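When reading the values below, keep in mind they use all heavy atoms of this one structure, side chains included, and skip hydrogens, waters and symmetry mates. Quick caveat, the model's predicted, so the values are computed rather than measured. All residue numbers in this chain count up from 1 along the given sequence.
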Amino acid sequence: MQESLATPAPSAPSRSFISIQDPSSTTDQVLSSGPQLSKPSVPPPVKSRGPNSGAGAHRLRRIIAEDAEWSLAIVPLLTELCIQNIVKNFPNNPILTQLLPEHQQKVLNDLSPDLPLAVTANLIHDESYWRRCCMHRWPVCHVDSHGGSWKCMFFERHLENLLKHFIPGTTDPAVILDLLPLCRNYVHRLRVDQFLPPVHLPPTPRSEDQSDSGSEGETEEPTRDHYQLNDLVAGLSQLEELDLVYRVKDCGMNFEWNLFLFTYRDCHSLAATIKACHTLKIFRLTRSKVDDDKARILIRSLLDHPALEELDLSHNLIGDRGVRAAAKLLSHSRLRVLNLANNQVRAPGAQSLAHALAHNTSLLSLNLRLNCIEDEGGQALAHALQTNKCLTTLHLGGNELSEPTATLLSLVLSVNTTLTSINLSCNHIGLDGGKQLLEGMSDNRTLLEFDLRLSEVAQESEYLIGQALCANRETARQRGLNASHFMSPLTAQGPENPSR
């Protein structure tokens, strides 16, 4: 009796298995079949060319996996395992630049935004990573206010937070200074709206013997000096804007006037700081109770500054003496914007500014709103504008101006060709003053904005002035279109399309 070899049955599709050759299975089957009449014919062995190449010659044993869902497809690739290991050990062994670009991106996508800055600051330049860091720390992020760079935004806001919560005498200065090597190339502007004073404990009660032997005049006044910026600013090689407010926010029931004190030591230190910062273009010190003496100290340090373009000392206590120093600055700098709004400037201070303005060739914007220069100061400025050829924006709102100033300004409007914006709101221009300003606008072709709200001007005059402004805006728009039309052939002949 001849018995053919049984072939293995196909496995179920839902169960995975591994086939293993068992050469002894055929022999066992033959032995268990009883007496044989003739020796079965066995085909000659075939050389194995693969794991299942001998399936037709030998019976296969099936080993079914315990897990029905097991598959080779779920085994992670070695590349993925390496990336996971790099991410896990990144704080101790930061590997990034040695990887391929696609592997670098995978590592950056998996890195935590809480990694130490000592590891990430000078190694990671990917903007998507720093965007995740910013969004993780702050709910509102305006990257446009930081030059469009998420990395610059992170370091600028991080440094600002450290400065706003620094307590002199309590916080270790190394917390800020150790950050300099990491952020010096990414901080272009600092906007600090709070400086905390030192913490002073209540004095210990003195015994009767000590109080009798000593005098009250021997007690020293506790210092109120704030954090000095000289070492920090000296290490920021790219700093261009410094916006400071010496005050305490959200002080609540702990309110004291000393919390809003800009001391003389603060002033002298800040003056030396901005004088040494040759890259500084914008300096703002607002809402800090800066008086005449402190303003003179600060402005003296800005004379002949190589880069300063904007000075903002608004919302302070600066009077005529301080404004005279600012007028001197106009002759010894390339200042383009000067903001002295909401101070204590009167007619003598405005006359000093007018004298400097008559010969100035760089200032573009002057803001004197919420002062009290009155007609004497307003007329002086109007006379200066008849010869000035650079100022484009003038803000004189809320200065107790009346018809005499409007009369001279109407003459300015007829001859000046650089002013594009004037604000005379919240003054006492009156009906006749409005009519004279309307006459001046009849010969003006450059003014685009003229604010006369709450200035007691007749509605008809204000309406007609508005119509003249609309005509000037349309003329300016057409001029811009013509300029772009004439520039287009020149653009077409640029380096990409040279003329032949």
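Remark: the S410 side chain and the E439 side chain contain no N/O donor-acceptor pair separated by less than 3.5 Å. Side-chain polar atoms of N343 and H315 form no donor-acceptor pair below 3.5 angstrom. Q105 and N109 share a side-chain donor-acceptor pair at under 3.5 Å. Using a 3.5 Å distance cut-off with no hydrogens or angles, the side chains of D375 and T405 do pair a donor with an acceptor. For N367 and S365, the side-chain atoms include no donor-acceptor pair closer than 3.5 Å. There is a side-chain donor-acceptor pair under 3.5 Å between S269 and Q228. No side-chain donor-acceptor contact under 3.5 Å links N427 and S455. Judged purely by distance below 3.5 Å, without hydrogens or angles, the side chains of H332 and D304 never pair a donor atom with an acceptor atom. Side-chain contact of D225 with T263: a donor-acceptor pair under 3.5 Å is present, judged by distance alone. For H188 and Q238, the side-chain atoms include no donor-acceptor pair closer than 3.5 Å.
The backbone N or O of S314 lies less than 3.5 Å from no partner atom in the side chain of N339, so there is not a single donor-acceptor pair. With hydrogens and angles disregarded, no donor-acceptor distance shorter than 3.5 Å links the side chain of S461 to the backbone of V457. Using modelled atom types, no side-chain atom of N316 and backbone atom of I318 make a donor-acceptor pair closer than 3.5 Å. In this structure a side-chain-to-backbone donor-acceptor pair under 3.5 Å is missing from E241 to I282.
Crowding of R189 atom CZ: a count of heavy atoms from other residues, nucleotides or ligands under 6.0 Å exceeding 12. Heavy atoms from other residues, nucleotides or ligands lying under 6.0 Å from NZ of K289 number more than 12. The number of heavy atoms from other shown groups lying within 6.0 Å of CD (E102) is above 12.
The salt bridge (Lys or Arg N to Asp or Glu O under 4.0 Å) test with E310 is passed by exactly one of K281, R336, R334, R284: R284. Only one option out of R369, H395, E449 pairs with N423 in a side chain to side chain donor-acceptor pair (under 3.5 Å); it is H395. The side-chain contact (heavy atoms from CB on, under 4.5 Å) test with L338 singles out one residue from L353, V323, N360, L357, and that residue is L353.
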(message) Go through it in stages, so that I can follow the logic: the residues are N342 and N371, the test is side chain to side chain contact (heavy atoms under 4.5 Å, CB included), and I'd like the CA-CA distance, side-chain angles, deciding distance and then a yes or no.
(response) CA-CA 6 Å; N342 194 20; N371 284 284; over 6 Å; no
(request) Using the side chain to side chain contact (heavy atoms under 4.5 Å, CB included) rule, take L437 and L424 through it: C-alpha gap first, then chi angles, then the decisive distance, then the call. (result) CA-CA 11 Å; L437 291 175; L424 295 179; 4.2 Å; yes
(request) Run the numbers on F154 and V143 for side chain to side chain contact (heavy atoms under 4.5 Å, CB included), then give the verdict. (result) CA-CA 9 Å; F154 179 86; V143 69; over 6 Å; no
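Under the 4.5 Å side-chain criterion, counting only non-hydrogen atoms from C-beta, K275 is not in contact with H305. Residues V337 and L366 fail the side-chain proximity criterion, which asks for heavy atoms closer than 4.5 Å. In this structure, the side chains of N161 and W138 come closer than 4.5 Å at one or more pairs of heavy atoms. Side-chain contact check for F283 versus D312: every heavy-atom pair is 4.5 Å or farther apart.
A salt bridge links E256 to R224: at least one charged side-chain nitrogen sits closer than 4.0 Å to a carboxylate oxygen. Checked for salt-bridge contact, E80 and K106 meet the test: a charged N lies under 4.0 Å from a carboxylate O. A salt bridge does not link R157 with E160: none of the charged nitrogens is closer than 4.0 Å to a carboxylate oxygen.
The shortest heavy-atom contact between A476 and L448 is CB-CD2, 4.3 Å. Minimum interatomic distance between Q194 and K249 (heavy atoms only, all atoms of both residues): OE1-N, 2.9 Å.
The cationic atom of K164 (NZ for Lys, CZ for Arg) does not lie both less than 6.0 Å from the six-membered ring centre of F195 and within 45° of the ring axis. For K151 and Y186, the positive end sits near the middle of the six-membered ring, less than 6.0 Å away and at most 45° from its axis.
A distance of 12.5 Å separates CG of L302 from CD1 of I297, quoted to the nearest 0.5 Å.
The aromatic ring centres of Y246 and Y227 sit 6.0 Å or more apart. Residues F155 and W130 bring their aromatic ring centres within 6.0 Å. A ring-centre distance under 6.0 Å is found for H355 and H359.
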